[in-house]
J.: 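Provided herewith is a single structure, encoded as structure tokens, for subsequent inquiry.
Counting convention: from 1, in listed order, for ligands and their atoms alike.
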Amino acid sequence: MAQAKLCPTEGSWKIDEVFQIDKELAFALPSPQENLPDKYAGWMCIAKNLPELIERDELRARVKEVPELSIDDLTEHKSQRLAHLALGYITMGYVWNKGDEDVRKILPRNIAVPYCKLSAKLGLRPILAYADCVLANWKKKDPNGPMIYENLDILFFFPGDGCDRGFFLVSLLVELAAASAIKKIPDLFNAMIKQDLVKCKDALRVIKSCQLDALEVFKQIHKHVDPTIFYNVLRTYLSGWKGSSLLPEGLLYEGVWDTPKQFSGGSAGQSSVFQCFDALLGIRHSDGSAAGFLQEMRTYMPPAHKAFLESLEKGPSIRKFVLSKGDRCLKDAYNECVGAMVSLRDYHLGIVDTYITKPAREKQKGKQDPEDSSNQSETENKGTGGTNIMTFLQAIRDSTKTFLLV
Ligand SMILES: C[C@@H](C(=O)Nc1ccc(Cl)cc1)[C@H]1[C@@H]2C[C@H](n3cnc4cc(F)c(F)cc43)C[C@@H]21
């Protein structure tokens with residue numbers, strides 16, 4: 001497994017390029033490709049017109065007509081990520097279509113075969129994930145302009161009047177704010193190696209301020225995402241087929257596997273930045289199901305990013321170093337980083353309440369017999385990733401608090 005390597009020449013830590021982490025953008029794909037070779041026009045035409053095709057009830061027919069294409073002409077990483085993103089949108093649209101009970105349990109081989117080959121090549125799953133719809137699904141309107149919401153757009157859309165633009169771009173901007181903290185990690189490790197407590201405290205203070213910047217960016221979500229549309233429209237298209245009552249066995253990838261396979265829908269847990277500060281600070285989640293879910297979500301990340309999280313967990317422990325020094329100021333600087341994680345988790349819980357719990361309750365009220373919760377489908381209170389996101393987030397928020405040093 002790749003490790004965060006000591007740079008042999010300068011004798012100092014750097015984040016090895018093997019982890020594919022960009023200095024400014026961290027886990028986001030820098031300048032994602034927007035066009036595929038003409039051979040793939042059939043995929044792009046469907047993926048670029050999903051809302052209209054679904055509205056006109058033409059999507060599923062168009063998917064069945066597209067020829068089975070080989071992925072051999074997708075030679076570069078960025079074209080592979082763009083094709084994986086497009087096929088992800090096509091697959092979610094094909095399975096969920098109008099978002100009602102009329103789902104499809106078989107993905108036709110002309111999409112399933114190239115999608116699974118491409119997923120294997122990228123080390124990703126054949127389902128739309130955070131790495132697709134957030135990290136590879138963006139462009140600048142003015143290429144020379146800044147990385148701000150007003151100068152960004154996404155490449156593909158689901159139905160929902162642009163709700164996905166807000167949800168995906170705010171997620172991306174949170175990633176970018178957190179990127180400044182990730183850039184500081186080598187300085188933190190170098191300060192530890194040199195036993196330089198002053199530099200250690202400085203690095204921890206920078207990391208904390210970047211975490212709080214990420215929290216401020218996260219708050220933009222209310223401006224750009226409508227809770228009712230998110231809950232009733234976008235959440236459906238991001239849902240997966242693991243533990244789903246509509247696809248209890250999962251999805252059959254025709255021509256690839258003989259039996260249906262279960263994969264989870266996209267979730268914040270698939271964000272490497274969501275997990276990297278826990279790994280850096282030595283925060284381990286004792287709640288088995290939450291810890292298990294986080295581990296499972298790592299298998300939906302680009303392998304290089306999963307490897308980075310593992311290298312942070314195996315690398316020098318900042319927590320042990322702080323404990324060994326017994327320095328009050330250093331402990332405070334460490335605790336402020338843990339405290340920033342608690343604040344982010346708390347805020348995320350509020351977001352789940354606004355975007356999932358409350359709309360679910362409103363929807364229940366709207367039914368004939370609001371008291372009859374028997375027909376409350378098991379997905380009502382679930383996030384896009386399929387777990388009960390509130391329970392999951394409460395568990396990791398609570399366990400994060402236990403890592404504050406006295
Ligand atoms: C808006 C939310 C979302 O769920 N986005 C999403 C989900 C699924 C899919 Cl498919 C696409 C987007 C969340 C944003 C902010 C990110 N975040 C949450 N807590 C964090 C703690 C940190 F320290 C940190 F740095 C980032 C953190 C992750 C996503």
J.: According to the interplanar angle, ranging from 0 to 90°, do the rings of Tyr253 and Trp257 count as parallel (below 30°), tilted (30 to 60°) or perpendicular (above 60°)?
T.: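 Perpendicular: the ring planes of Tyr253 and Trp257 meet at over 60°.
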J.: Applying a 4.0 Å heavy-atom criterion (strictly less than), which segment of Arg345 is in contact with ligand 1: side chain, backbone, both, or neither?
T.: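 Side chain only; the backbone of Arg345 stays clear of ligand 1.
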J.: Out of all atoms in ligand 1, which are within 4.0 Å of some heavy atom of His348? Include the element for each.
T.: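 Answer for ligand 1: 18 (C), 19 (N).
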J.: Testing the 3.5 Å rule here: is there a donor-acceptor pair between the side chains of His222 and Thr354?
T.: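 Result is no, nothing qualifies.
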J.: For Leu344, which part has a heavy atom under 4.0 Å from ligand 1: side chain, backbone, both, or neither?
T.: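 Under 4.0 Å from ligand 1, Leu344 contributes side-chain atoms alone.
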J.: Angle between ring planes, Tyr115 versus His84, binned at 30° and 60°: parallel, tilted or perpendicular?
T.: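 Tilted: the ring planes of Tyr115 and His84 meet at 30° to 60°.
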J.: Please list, in number order, the atoms of ligand 1 under 4.0 Å from a heavy atom of Val134.
T.: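 In order of number, 11 (C), 12 (C).
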J.: With a cutoff of 4.0 Å, is Val170 in contact with ligand 1, counting heavy atoms of the residue only?
T.: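 Contact absent.
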J.: Tell me the nearest of Ser271, Ala268, Ser267 to atom 4 (O) of ligand 1, using heavy-atom distances.
T.: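 The residue whose heavy atom sits nearest atom 4 (O) of ligand 1 is Ala268.
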J.: Mind checking what makes side-chain hydrogen bond (donor to acceptor under 3.5 Å, both in side chains) contact with Asp202, not counting sequence neighbours?
T.: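 Not a single residue meets the side-chain hydrogen bond (donor to acceptor under 3.5 Å, both in side chains) criterion with Asp202.
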J.: May I have the list of side-chain donor-acceptor pairs in residues 211-219 shorter than 3.5 Å, sequence neighbours left out?
T.:
{"from": "Gln211", "atom 1": "NE2", "to": "Cys337", "atom 2": "O", "distance (Å)": "3.4"}
{"from": "Glu216", "atom 1": "OE2", "to": "Lys219", "atom 2": "NZ", "distance (Å)": "2.9"}

J.: I'd like to check which ligand 1 atoms, numbered from 1 as shown, lie under 4.0 Å from a non-hydrogen atom of Ala178.
T.: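 With Ala178 as reference, the close atoms of ligand 1 come out as 25 (F).
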J.: Honestly, is Arg125 close enough over Tyr300, meaning NZ or CZ under 6.0 Å from the six-membered ring centre and within 45° of the axis?
T.: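 Satisfied, under 6.0 Å and within 45°.
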J.: Counting only heavy atoms, tell me which of Phe274, Tyr237, Tyr347 gets closest to atom 19 (N) of ligand 1.
T.: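 Minimum heavy-atom distance to atom 19 (N) of ligand 1 goes to Phe274.
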J.: Counting only heavy atoms closer than 4.0 Å, does ligand 1 sit against the backbone of Met341, its side chain, both, or neither?
T.: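 Answer for Met341: side chain.
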J.: Check ligand 1 against Cys133 and write out every atom of the ligand that is under 4.0 Å from a heavy-atom position of the residue.
T.: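 By the 4.0 Å cutoff, the relevant atoms are 10 (Cl).
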J.: Please determine which of Phe158, Tyr237, Tyr94 meets the ring-ring contact (aromatic ring centres under 6.0 Å, His included) test together with Tyr89.
T.: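 That would be Phe158.
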